[in-house]
Amino acid sequence: MDNNRVLVTGGMGYIGSHTVVELQEAGYEVLIVDNLSNSEASVKYGIEAITGKKVEFEQVDCCDYDALDKVFERFAPQSVIHFAASKAVGESVQQPLMYYRNNLNSLVNILTAMRKHGTENIVFSSSCTVYGQAEKLPVTEQTPRREATSPYGNTKHICEDILRDSVVAYGDFKVIALRYFNPIGAHPSALIGELPRGVPNNLIPFVTQTAAGIREQLSVFGDDYNTPDGSCIRDYINVVDLAKAHIAALGRMRQGKMKDSFEVFNVGTGNGVSTLEIVKTFEKVNGLKLNYRIVGRRAGDIEAVWADPSYANNELGWKAEATLEDTLRSAWNWQKHLNNK
């Protein structure tokens with residue numbers, strides 16, 4: 001088996017596509033599987049333009065075990081990076097069964113195929129939602145997981161448990177779960193970025209689409225939280241920095257540096273930034289005025305969360321480097337690129 005092969009599920013998506021760029025630039029042989037439910041096939045051309053390398057892609061749904069099994073049979077990956085999941089908090093509250101079906105079945109199928117075909121390593125996209133509204137901030141990897149505030153968050157809880165139980169039972173898996181905070185921005189080339197279908201569920205696409213006149217108004221969900229300006233606080237991490245954390249995690253597995261067969265890392269900046277601060281910083285760095293209004297709180301949202309990333313900094317040799325200003329500039333450059341298409 002060529003041990004440089006990485007199967008990237010959901011690799012046409014926002015974080016997946018940026019990670020594929022970093023994988024290719026680090027010399028890995030990559031195959032993307034994606035069902036294109038929340039992404040576009042044309043993303044591969046953006047990746048290819050950045051790396052100068054061909055992108056291998058198969059349109060496969062990870063909930064279809066037979067199709068997935070054929071991919072493993074043909075490609076024989078040593079490692080999997082698993083991004084393929086539904087990820088909108090609000091939507092999960094409205095459509096819980098869709099979230100449980102997609103997010104749990106896809107992981108079970110991947111692990112089943114990994115066992116059958118001798119694939120050992122998996123990097124899993126987890127989320128800071130597993131911490132819920134933590135009693136103490138910032139959160140560390142030792143912060144207790146709390147009851148999820150949304151079905152989406154609960155699927156991340158359950159998927160982590162499935163991975164942990166699989167490591168105990170089978171002994172042939174190495175798992176690193178990266179608990180993401182809030183990925184924003186776009187590749188500095190402006191050739192790939194966040195590409196939401198329909199009405200965006202994430203803040204930054206809504207900001208950029210409002211700035212571009214695609215959306216009439218930006219809604220800020222709540223100004224009555226117990227925070228300095230009343231809006232929610234999050235840890236916003238540049239998507240390229242986040243992508244690089246996956247390369248570091250994969251390297252740790254392949255070099256035999258893991259201290260345990262199941263490891264967890266917080267992937268954030270260590271800085272909490274409010275929704276209103278994002279709006280004001282975006283306006284400032286891009287010389288724009290945003291039409292926004294304060295509306296009621298959104299179901300499933302927590303008040304504040306940000307990371308203590310020191311464990312990831314020390315163990316993975318990884319650190320978030322991009323400034324908030326540069327990240328918000330890259331998001332607007334990506335939106336302008338879309339406008340000119």
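This is a predicted model, so every value here is computed, not measured. Numbering starts at 1 and runs along the sequence shown.
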- [ ] Let me see the working for T119 and H117 under side chain to side chain donor-acceptor pair (under 3.5 Å), right down to the final yes or no.
- [x] CA-CA 6 Å; T119 303; H117 296 281; over 6 Å; no

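- Shown here for S166 and L111, the closest heavy-atom pair between the two residues is OG-CD1, 3.8 Å.
- Looking at Q335 and I214, their side chains come closer than 4.5 Å, going by heavy atoms from C-beta outward.
- Between F282 and W332, the angle of the ring planes goes over 60°, which puts this pair in the perpendicular group of the 30/60° scheme.
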Task: Worked check of side chain to side chain contact (heavy atoms under 4.5 Å, CB included) between C62 and I110 - done: CA-CA 7 Å; C62 293; I110 287 160; 4.1 Å; yes

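- Screening D224, T275, I294, D223 against S231 for a side-chain contact (heavy atoms from CB on, under 4.5 Å) leaves a single residue, T275.
- V30 and L250 fall within the same hydrophobic cluster, defined by Ile, Leu, Val, Met, Phe, Trp and Tyr side-chain heavy atoms under 4.5 Å apart, directly or through other members.
- Under the 3.5 Å distance criterion, the side-chain polar atoms of T208 are matched with a main-chain donor or acceptor of P205.
- A donor and an acceptor atom, one from each side chain of Y292 and T210, are nowhere located under 3.5 Å apart.
- Environment of NZ in K53: crowded, with over 12 heavy atoms of neighbouring residues, nucleotides or ligands closer than 6.0 Å.
- Remark: the backbone N or O of S150 is not paired with any side-chain donor or acceptor of N154 at under 3.5 angstrom.
- Note that the OG atom of S39 and the CD atom of Q59 stand 8.5 Å from one another [nearest 0.5 Å].
- Between R234 and F181, every side-chain heavy-atom pair lies at or beyond the 4.5 Å cut-off.
- Following chains of ILVMFWY side-chain contacts shorter than 4.5 Å, one can reach L23 starting from W318, so the two form part of one hydrophobic cluster.
- Shortest non-hydrogen contact noted between N3 and Q78 is O-OE1, 3.0 Å.
- To the nearest 0.5 Å, atom CG of residue D64 and atom CG of residue N105 are 11.5 Å apart.
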Task: Steps toward side chain to side chain donor-acceptor pair (under 3.5 Å) verdict (S125, Y180) - done: CA-CA 7 Å; S125 301; Y180 303 168; 2.7 Å; yes

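- The main-chain N or O of V175 is never found under 3.5 Å from a side-chain atom of E263 such that the two would form a donor-acceptor pair.
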TODO: Kindly determine whether N291 and E216 satisfy side chain to side chain donor-acceptor pair (under 3.5 Å), including the steps that lead there.
DONE: CA-CA 7 Å; N291 181 26; E216 194 180 324; 5.5 Å; no

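- With hydrogens and angles ignored, the 3.5 Å screen pairs a side-chain donor or acceptor of Q133 with a backbone N or O of A304.
- Under the 6.0 Å distance and 45° angle rule, R5 counts as a cation-pi partner of F75.
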Open item on the list: Would Y152 and E91 count as a side chain to side chain donor-acceptor pair (under 3.5 Å) here? Give the steps.
Closed with: CA-CA 9 Å; Y152 161 72; E91 183 183 56; over 6 Å; no

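- Between L276 and V220, the closest side-chain pair of non-hydrogen atoms falls below 4.5 Å.
- Looking at heavy atoms from C-beta onward, T19 lies in side-chain contact with I81 at the 4.5 angstrom threshold.
- Closest approach of L104 to T155, counting heavy atoms only: CD2-O, 4.0 Å.
- Atom CG of D260 sits in a crowded spot, with more than 12 heavy atoms from other residues, nucleotides or ligands closer than 6.0 Å.
- No side-chain heavy atom of F173 sits under 4.5 Å from any side-chain heavy atom of L163.
- Under the 3.5 Å distance criterion, the side-chain polar atoms of N313 are matched with a main-chain donor or acceptor of P309.
- Heavy atoms only, all atoms of each residue included: D229 and E277 are closest at OD2-N, 4.0 Å.
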Task: Stepwise salt bridge (charged side-chain N to carboxylate O under 4.0 Å, His left out) check, E58 with R74 - done: CA-CA 11 Å; E58 289 197 29; R74 184 181 71 76; 2.5 Å; yes

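- Atoms CG and OH, from N271 and Y236 in turn, are 13.0 Å apart once rounded to the nearest 0.5 Å.
- Considering only heavy atoms from C-beta on, V93 comes within 4.5 Å of P151 through its side chain.
- Q24 places a side-chain N or O within donor-acceptor distance of the main-chain N or O of K54, the cut-off being under 3.5 Å.
- Between H337 and W334, the ring planes lie parallel to each other; the angle is under 30°, not in the 30° to 60° tilted range.
- When all heavy atoms of R298 and Y225 are compared, the closest pair comes out as N-OH, 4.5 Å.
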- [ ] List the steps and the verdict of side chain to side chain contact (heavy atoms under 4.5 Å, CB included) for R179 and E160.
- [x] CA-CA 10 Å; R179 289 176 178 162; E160 283 193 6; 2.7 Å; yes

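- Note on V207: it clusters hydrophobically with V199, by side-chain heavy-atom contacts below 4.5 Å among ILVMFWY residues.
- Hydrophobic clustering, with ILVMFWY side chains joined whenever heavy atoms are under 4.5 angstrom apart, groups V273 together with L218.
- Figure legend: cation-pi geometry between R146 and Y131 absent, as NZ or CZ is not positioned both under 6.0 Å from the six-membered ring centre and within 45° of its axis.
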Task: Worked check of side chain to side chain contact (heavy atoms under 4.5 Å, CB included) between H18 and K244 - done: CA-CA 9 Å; H18 287 80; K244 288 175 178 173; over 6 Å; no

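- Both I122 and Y170 are members of a single hydrophobic cluster when ILVMFWY side chains are connected at heavy-atom separations under 4.5 Å.
- Within the 3.5 Å criterion, the main-chain N or O of N286 finds no donor-acceptor partner in the side chain of R329.
- K87 NZ to N102 CG: the interatomic distance, rounded to the nearest 0.5 Å, is 12.5 Å.
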TODO: Could you please spell out the steps behind the salt bridge (charged side-chain N to carboxylate O under 4.0 Å, His left out) verdict for E56 and K44?
DONE: CA-CA 9 Å; E56 296 292 332; K44 79 190 282 285; over 6 Å; no

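- Residues S261 and V167 come closest through the heavy atom pair CB-CG1, 3.3 Å.
- Residues T140 and D308 have side chains that never bring a donor and an acceptor to within less than 3.5 angstrom of each other.
- Side-chain N or O atoms of E283 include one that pairs as donor or acceptor with a backbone N or O of L290 at under 3.5 Å.
- Judged by distance alone, the side chain of R252 and the main-chain N or O of E315 form a donor-acceptor pair under 3.5 Å.
- A heavy-atom distance below 4.5 Å is not found between the side chains of V6 and V80.
- Judged by distance alone, the side chain of D235 and the main-chain N or O of G272 form no donor-acceptor pair under 3.5 Å.
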Open item on the list: Apply side chain to side chain contact (heavy atoms under 4.5 Å, CB included) to residues I184 and V239 and explain how you reach the verdict.
Closed with: CA-CA 6 Å; I184 60 169; V239 68; over 6 Å; no

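- Between F265 and Y311, the ring centre distance stays below 6.0 Å.
- Put simply, CG on L316 and CD1 on I247 are 11.5 Å apart, with the number rounded to the nearest 0.5 Å.
- Here the straight-line distance linking atom CD1 of I50 with atom CD of E22 works out to 9.0 Å at 0.5 Å rounding.
- Separation of the F83 and H246 ring centroids falls under the 6.0 Å cut-off.
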